[in-house]
Amino acid sequence: MRRTDRAGLSRPSLAHLSVACAAGALHAAGFGPWPHWLLALAALTLLFAIMRRAAAQGASPAAQALLAAAFAMSWFGVGLSWLYVSMHDVGGMPAPMAAAAVVLFSAYLSLYPAAASWLAWRGLHAPGPWQLALRLAGAWTLAEMARGWVMTGFPWLAIGYGQIDGPLDGIAPLAGVYGIGALTVAVAALVAWALPCGRDTDHAVDVRRAAQAVATAVGLACLPLVSSPAQWTHAAGPTLSVRLLQGNVPQALKFDPERAQRAMQDYLAGFESGTATLTILPETAWTVPWNYTPEALAKRIETHVARGHAVAIGMPLLRTEPGSSAPRPTNSVTLFAAPKTGLPTPEPAVYDKRHLVPFGEFVPWGFRWFVQMMHIPLGDFGRGANTQRPFTVGGQRVAFNICYEDLFGEEIIDAVRGASGATILANVSNIGWFGRSHALPQHLQISRMRALETGRPMLRATNTGMTALIDAQGRVVAALPPHEAGLLDVQVQGTEGLTPFVRTGNLGVLVVALAALLGTATTRRRGLGG
């Protein structure tokens with residue numbers, strides 16, 4: 001039942017590792033392609049039950065770390081398999097190299113839950129339900145936060161996203177996605193503790209404490225139901241009419257000059273045919289800066305703008321940074337809007353992307369050789385300022401973010417704070433890089449979480465999907481089918497007021513996670529099993 005290596009550290013059995021791998025794949029499926037909060041929660045519960053059984057058989061913290069690593073390799077390997085599409089199908093990287101890159105990246109991401117599990121199980125042998133729940137929740141939450149910060153961060157598939165539409169997502173306005181993740185881990189650990197460890201161990205289930213653990217888990221799951229963004233925010237300003245355009249330009253043809261000009265013409269037709277106050281085009285709808293726009297098309301846009309119809313266009317720009325003599329491209333959104341009567345024509349308002357994508361918009365040191373294996377236009381982009389004013393359109397303040405910038409809730413809230421903070425959020429994306437993969441529904445989950453955290457509606461205009469309106473409660477009000485060209489006309493009500501998460505960011509969750517670890521460490525030294 002138990003094996004020991006030469007260093008005297010027990011190792012998990014092959015059966016335990018296999019179950020952990022299966023649970024990780026199940027967890028990934030809970031984010032997409034079968035997004036359901038119960039599926040993701042069940043996968044974590046299964047992992048923690050296996051860990052408790054392994055602990056009852058003498059597993060060391062290192063063995064628990066191996067179980068977590070096996071779980072995470074499947075979690076990230078399956079959940080992020082769409083990276084292969086961008087590198088091989090679009091980028092032309094040899095298939096073995098692209099597959100190896102996904103595996104190695106998944107292995108790197110697996111280090112975080114592995115380290116968290118080692119820390120959580122250190123010094124534990126037969127923990128009580130609350131001690132186990134607090135240690136796992138504290139350690140895993142710190143690891144999730146570290147994963148979202150180290151080397152510019154990659155918090156995609158953070159545990160909290162898997163709880164969208166479940167009871168636990170109600171904590172988003174209070175503690176954000178990491179708070180939801182902490183609560184999810186705690187609930188899963190409590191339920192896992194209540195499950196039998198097996199007849200071959202001396203850790204029989206205490207029925208009374210098991211019932212208490214399950215009751216506590218149910219109570220924690222229901223607790224967020226009392227919270228809602230509507231408690232902290234309220235409607236503000238007039239309703240804004242918006243048209244969202246989805247071009248569905250194949251990524252392989254996006255930078256072909258003829259196809260790019262036809263895309264301009266199609267987007268222009270979608271803009272001219274509408275009466276919306278604001279029309280939003282996707283990220284890099286224009287593949288060239290504005291001054292390269294054909295004159296006839298530019299004049300038609302300016303004419304429709306003069307009639308009172310603003311348009312926001314995703315496009316690269318050439319900007320000269322302070323202290324630099326050479327301009328650098330930026331990934332930007334440019335707003336063209338008619339000036340108020342009697343005022344001079346202003347310069348177009350611009351938002352420059354601030355959180356750039358490694359390997360896509362900047363090349364990490366030492367990886368130039370890797371990027372050169374992909375035959376796609378990549379380079380080093382300039383970064384936008386951390387604080388950029390929202391666009392004022394139709395009595396609303398619209399703050400843009402580009403592509404995976406909406407993955408970083410602690411940055412999105414910067415645009416919401418203050419007297420001139422955003423009343424509406426807008427994301428423009430081009431996920432054509434990832435084909436017909438589950439990256440699209442996963443990204444929709446991320447945008448929905450930002451709406452829940454901030455109590456702000458989120459507009460999404462994308463190249464291939466998911467183009468949608470998300471209301472201030474995180475619900476998808478309207479959406480276009482993915483992988484089809486189309487337009488979506490919506491009415492958006494902006495909101496004002498600050499949720500607790502907007503006020504404090506991740507600080508509260510960080511403090512609670514640290515307290516959970518330190519508090520249970522003190523409990524262990526005193527010999528209390530609770």
Are the side chains of [X] and [Y] in touch, meaning some heavy atoms are under 4.5 Å apart?
| X | Y | answer |
| --- | --- | --- |
| E453 | T499 | no |
| R262 | V249 | no |
| F408 | I412 | no |

Assess the side chains of [X] and [Y]: does a donor N or O sit below 3.5 Å from an acceptor N or O?
| X | Y | result |
| --- | --- | --- |
| Q251 | N430 | yes |
| Q396 | T423 | yes |
| S429 | T462 | no |
| Q388 | D352 | no |

Between [X] (side chain only) and [Y] (backbone N and O only), is there a donor and an acceptor less than 3.5 Å apart?
| X | Y | value |
| --- | --- | --- |
| N248 | T464 | no |
| R354 | A385 | no |
| H438 | A28 | no |
| H304 | F271 | yes |
| E496 | A235 | no |
| D471 | V476 | no |
| H355 | T152 | yes |
| H443 | G465 | no |
| R243 | T275 | no |
| S86 | L83 | yes |

Using 4.0 Å as the upper bound for N to carboxylate O, is an ion pair formed by E302 and K299?
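So K299 does not pair with E302 through a salt bridge.
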Could you tell me which non-hydrogen atom of [X] sits nearest to which non-hydrogen atom of [Y], and how far apart they are?
| X | Y | result |
| --- | --- | --- |
| Q246 | N463 | CG-O, 3.2 Å |
| Y404 | G153 | OH-O, 4.1 Å |
| L80 | F154 | CD1-CE2, 3.7 Å |
| W140 | I159 | CE3-CD1, 3.7 Å |
| L240 | V393 | CD1-O, 3.8 Å |
| M449 | A172 | SD-CB, 3.9 Å |

Atom [atom1] in [X], atom [atom2] in [Y]: separation rounded to 0.5 Å?
| X | Y | atom1 | atom2 | value |
| --- | --- | --- | --- | --- |
| R259 | T287 | CZ | OG1 | 11.0 Å |
| R450 | Q445 | CZ | CD | 11.5 Å |
| I413 | L425 | CD1 | CG | 11.5 Å |
| Q163 | I171 | CD | CD1 | 11.5 Å |
| L335 | F391 | CG | CZ | 5.5 Å |
| Y161 | Q442 | OH | CD | 11.0 Å |

Here's a test for you: under ring-ring contact (aromatic ring centres under 6.0 Å, His included), which of F76, F31, W82 qualifies with W156?
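Testing W156 for a ring-ring contact (aromatic ring centres under 6.0 Å, His included) against F76, F31, W82 leaves exactly one candidate, W82.
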Test log, rule side chain to side chain contact (heavy atoms under 4.5 Å, CB included), inputs I164 and L452
CA-CA 10 Å; I164 288 285; L452 281 167; 3.9 Å; yes
Would you say Y108 has more than 12 foreign heavy atoms packed within less than 6.0 Å of its OH?
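It does: Y108 OH has more than 12 such atoms within range.
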Is the CZ atom of R417 crowded by more than 12 outside heavy atoms at less than 6.0 Å?
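Enclosed: over 12 neighbouring heavy atoms sit under 6.0 Å from CZ of R417.
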Intermediate values then yes/no, side chain to side chain contact (heavy atoms under 4.5 Å, CB included), Y267 and W286:
CA-CA 9 Å; Y267 282 126; W286 258 230; 4.2 Å; yes
